[in-house]
Each structure stands twice: as C-alpha cells, then as structure tokens.
Amino acid sequence: MQTATIKFDHFNALADKAAGERIRAAKAALGNKAVLLCHHYQRADVYEHADLTGDSLKLSRLAGQSDAENIIFCGVHFMAEVADILSRPEQVSILPDLAAGCSMADMANLAKVERCWRELSAVMDPDEKITPVTYINSAADLKAFCGAHGGIVCTSSNAPKILEWSFKQREKVLFFPDQHLGRWSGYKMDIPLDAMVIWNPDLEQGGLTREQINKAKIILWHGFCSVHQMFQPSDIIKFRNQYPDGIVISHPECSFEVCKQSDYIGSTEYILETVKAGPPNTRWLVGTELNLVERLAREVKHEGKIVQFMASTICMCSTMQRIDPQHLAWTLENLVAGNVVNQIKVPEHEAVLAKIALERMLAVS
Ligand code: 13P
Ligand code: SF4
C-alpha cells in the first residue's frame, strides 16, 4: 500500500547508530523485494548492510542477474545507471543520494565527445578508423555514443581485453574519460607511449596536429580521478626504503609512474583478492580509496598482514561518501511504505544504445 512520500528532513539529524537500526528493520520488512549492491569504496556503516559487494564489472553483472524488484545502489550515479540499463524494465534502480556522482565521469560529456568526433572527421573517417571506448565511469549517453559508433565500454578489470577487441575492429582507439587507465592498458599491450596522445577537449582539435592524430594508436581523453591522482611515486619510494620486502598494489586510475612502480595493478576487487590471498606476515602499500584500504587492513590483521594507505593525506571518494546511513534508511523506509524515491531511469533511446556497448563488454570479458 502506498502512502505519502516520507521527507528526508526526518532523517537528517538521525544518529548513525539509530539509522543503522532502521536500515536493518526496513531490510527485514522488504525481504527479497530489494537487493542492496555496494561498491567497495562505501563507508563502513553503509557497507555492513550490503547484500552483494563488488567492483564495477562484478556489480554490473550482479545487477543484470538480480531478481529483486528494487536494486538499491550504494555507489555513484553511473553505477546506478548501468544497473537500470542491464536490469529488466520492471525493476527499479535507486541511488540513495542523487548527489553521489563521479568527478572523473563529469570530465567528459556528450557535447564534447561529439565535437571531438567531428573534429577527428576532418582528419579521417572516425567511424572507419577509430573505436570509441568509454570507461564505465561515464554517463549513459556516452555509453550510448559508443553503442552507436561501433564502440564498447570497459572497466578497470577488463580494459586490456577490451582494447584488444577494439583494435580488431578498427586501427585506432578514442579512450575516455580516464587517461591513466587508457595509457596503462595500452602500455601493457606494448603500445609505445608516444603512440598515445592526449586529447584536450577545451582546445581546438584537442590541441593535436593532424600528424599527431594520424600517428596515434590511442587518443586519450584528458580526464583523471581526483582521488587516485593524490598517490605519488615518492610515496612508493619512501615505503620501499623503509620496508624493502613490502609489496605495492595500486588501482589503474593512478598515474603511469605510480602504476609502473607498483608490484600489482588491478580493480578494487582484484586488490582485495590479491591482498587476502597473499602470504601471512606481509606488508602492503595500497594505492586506492581510503574506506577500502581501512576495511582491508582490519580484515587481514589477524594473519599478521599490515596494510598501509599510499598517501599521507586523506583521499576518500567524497561523492561515494554521500551515501550515508541516513539516506539509505530514508530510501528503504520509503520503499516499505510503497514509495520509490531517487529512482535512476535512463531514457529509453539512450538505454538501448548504451546496452549494446555494455553487452559487447560483458561478452568480451
Ligand atoms: P572498480 O571498477 O575497480 O571498482 O573502480 C571503480 C572506481 O570508480 C574506482 O575509482
Ligand atoms: Fe569517480 Fe574517482 Fe570516486 Fe572512482 S574514486 S567514483 S573515479 S571520483
């Protein structure tokens, strides 16, 4: 039975502990009508309520496989969009706080990517020569652009495989929005660094000459993650000097120099699995978001493993952090009352094309 929507004001001042209890009660009342998917960067007092956790690729698959009427996405906006696109039409995707975006995803938008495509067409026919690849950290309309132009989506865990697929289609790749993931993945495929050029969307023709565009194998969008750019090679050097047997593991959104100096590189799920499977009594330096690192440190402490955060300053994903127990309790209690709040619905015309690019990715990875 539906009642009037409960306003968020009633939850704003709720203590975290009280919100936690209300989340548990609402989840129990909803039973299998709702599934709570949680990204690894979520704060501990949200993560503890997760039904399923994962990196972006795993969560995309889980969203597509879920039977629940309501998918509550504790992550950021693009993730809830992917859940909406890959789930059945009658399922509802919900983001507890609509302000939970991704600053990297915002560094590319459809107008700028279309302009880039137009400017590239002055040099060559992009639909014949260039596969557009969007990192999953992007808006649905950019995934739709890739769907419409023979392109594909990638995540941090499948980018090299996706690049291989892309080069089988066409001779060059336009990779957006994360330059670092694109460069690292290209480097792992033995593409020379000087064959990867940066497209600056604020400059005419990306700031590149015709010759540079013609010579390039990968055209990298000038985007980056504000969290991962904080990690520095000097953090690794300091750690190695202090702990010569220490092991360094980083996310591929880190700069090229950080990736090059790390022992292991991979997605959030890969980082968790690798450290958990590592030998006891080892020391790890981890280059990714703080909530994940702190949780991992607690989980492996009993095996004598020491997990350290790479940066000396606090690097949280401030947008993920917006999903707090108060917003989650508000969302769930509304569902119990029969009201859907904060639904993420991708317009049909975009969803159809974005799904093509996402399904290409799922088939390849
Ligand atoms: P993962 O796919 O590795 O979880 O990465 C998502 C993300 O946004 C990292 O910043
Ligand atoms: Fe986006 Fe960076 Fe946050 Fe990941 S950590 S969601 S890339 S802002």
Side-chain angles (χ1 to χ4, degrees), residues 37-43 46-47 50 52-63 73-83 86 95-109 133-139 142-143 153-162 175-182 184-185 221-231 249-255 258-259 262 264-275 286-296 309-311 313-323 358 361-362 365:
L37 300 189
C38 213
H39 187 264
H40 295 308
Y41 291 164
Q42 286 295 323
R43 39 191 283 177
V46 169
Y47 200 81
L52 300 163
T53 61
D55 61 9
S56 307
L57 181 64
K58 187 171 164 193
L59 290 171
S60 307
R61 289 195 194 282
L62 289 169
F73 218 115
C74 296
V76 287
H77 194 270
F78 73 81
M79 298 179 181
E81 280 187 336
V82 170
L86 293 179
L95 183 66
D97 185 342
L98 294 179
C102 163
S103 55
M104 175 210 279
D106 293 343
M107 289 179 187
N109 63 39
V133 178
T134 187
Y135 188 23
I136 197 162
N137 295 38
S138 58
L142 291 183
K143 296 183 177 84
V153 178
C154 78
T155 75
S156 61
S157 56
N158 60 19
K161 261 192 203 161
I162 298 295
F175 192 98
F176 44 89
D178 186 22
Q179 59 170 302
H180 297 302
L181 176 66
W184 182 251
S185 308
W221 197 261
H222 188 261
F224 56 87
C225 165
S226 49
V227 177
H228 289 83
Q229 70 158 358
M230 302 296 281
F231 305 119
I249 187 163
S250 306
H251 194 278
E253 286 174 15
C254 292
S255 72
V258 166
C259 291
S262 299
Y264 299 98
I265 301 291
S267 75
T268 55
E269 185 81 10
Y270 171 87
I271 291 173
L272 293 175
E273 281 175 2
T274 307
V275 177
V286 182
T288 198
E289 204 262 358
L290 186 60
N291 281 304
L292 179 154
V293 180
E294 285 185 338
R295 184 180 321 113
L296 180 59
F309 185 56
M310 193 177 283
T313 49
I314 291 176
C315 307
M316 276 171 169
C317 176
S318 55
T319 45
M320 285 263 183
Q321 197 72 8
R322 286 180 177 273
I323 310 291
L358 280 162
M361 171 188 82
L362 293 173
S365 42

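Predicted model, so just to flag it, every value in this text is computed and none were measured. One-based numbering, in listed order, for ligands and for the atoms of each.
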- [ ] Answer yes or no: is there a side-chain heavy-atom contact under 4.5 Å between His228 and His180?
- [x] no
Task: Check: Tyr41 main-chain N/O paired with Asn291 side-chain donor or acceptor under 3.5 Å - done: yes
Open item on the list: Can you check which of Ala100, Cys225, Ser103 brings a heavy atom nearest to atom 2 (Fe) of ligand 2?
Closed with: Cys225
Open item on the list: We want to know whether Thr155 and Ser56 form a side-chain donor-acceptor pair, criterion being a heavy-atom distance below 3.5 angstrom.
Closed with: no
Open item on the list: For the backbone of Thr134 and the side chain of Lys143, can you confirm whether one donor and one acceptor N or O come within less than 3.5 Å of each other?
Closed with: no
TODO: Return the option from Val227, Asn137, Ile136 holding the heavy atom at the smallest distance from atom 7 (S) of ligand 2.
DONE: Asn137
TODO: Mind checking whether Asp55 contacts ligand 1 via backbone (N, CA, C, O), side chain (CB onward), both or neither, at a 4.0 Å heavy-atom cut-off?
DONE: both
Open item on the list: For ligand 1 and Thr268, I'd like to know whether there is a polar contact (N/O to N/O, distance under 3.5 Å).
Closed with: yes
- [ ] Write out the residue and atom name of the closest protein heavy atom to atom 2 (O) of ligand 1, then the distance separating them to 0.1 Å.
- [x] Ser56 OG, 2.8 Å
Task: His251 N/O to ligand 1 N/O under 3.5 Å - done: yes
Open item on the list: Quick check: closest heavy atoms across Asp178 and Cys225, and the distance to 0.1 Å?
Closed with: OD1-N, 4.5 Å
Task: Glu253 to ligand 1, any heavy atom closer than 4.0 Å - done: yes
- [ ] Output the list of atoms in ligand 1 that are nearer than 4.0 Å to some heavy atom of Ser267, sorted by atom number.
- [x] 3 (O)
Task: Minimum heavy-atom distance between Ala311 and Met230, given as atom pair plus value - done: CB-O, 4.5 Å
Task: Closest protein heavy atom to atom 1 (Fe) of ligand 2, given as residue, atom name and distance to 0.1 Å - done: Cys102 SG, 2.3 Å
- [ ] Look at ligand 1 and say whether His228 reaches it with a heavy atom at a distance under 4.0 Å.
- [x] yes
Task: Nearest heavy-atom neighbours spanning Phe231 and Val258 - done: O-CG2, 3.4 Å
- [ ] Please determine, by modelled atom types, if His251 and Tyr270 share a side-chain donor-acceptor pair under 3.5 angstrom.
- [x] no
- [ ] Have a look at ligand 2 and work out which part of Glu289, if any, has a heavy atom under 4.0 Å from it: side chain, backbone, both or neither.
- [x] neither
Task: Cys317 near atom 3 (Fe) of ligand 2: N/O/S under 2.8 Å - done: yes
Task: Nitrogen or oxygen atoms of His39 and ligand 1 under 3.5 Å apart - done: yes
Open item on the list: Checking a contact table here: which protein heavy atom is nearest atom 8 (O) of ligand 1, and how many Å away?
Closed with: Asn137 ND2, 3.0 Å
Task: Any Tyr270 heavy atom less than 4.0 Å to ligand 1 - done: no
Open item on the list: Ignoring hydrogens, what is the shortest heavy-atom contact between Thr319 and Val76? Give both atom names and the distance.
Closed with: OG1-CG1, 4.1 Å
Open item on the list: Just so I know, are the side chains of Leu57 and Met361 near enough to count as touching, which here means a heavy-atom distance under 4.5 Å?
Closed with: yes
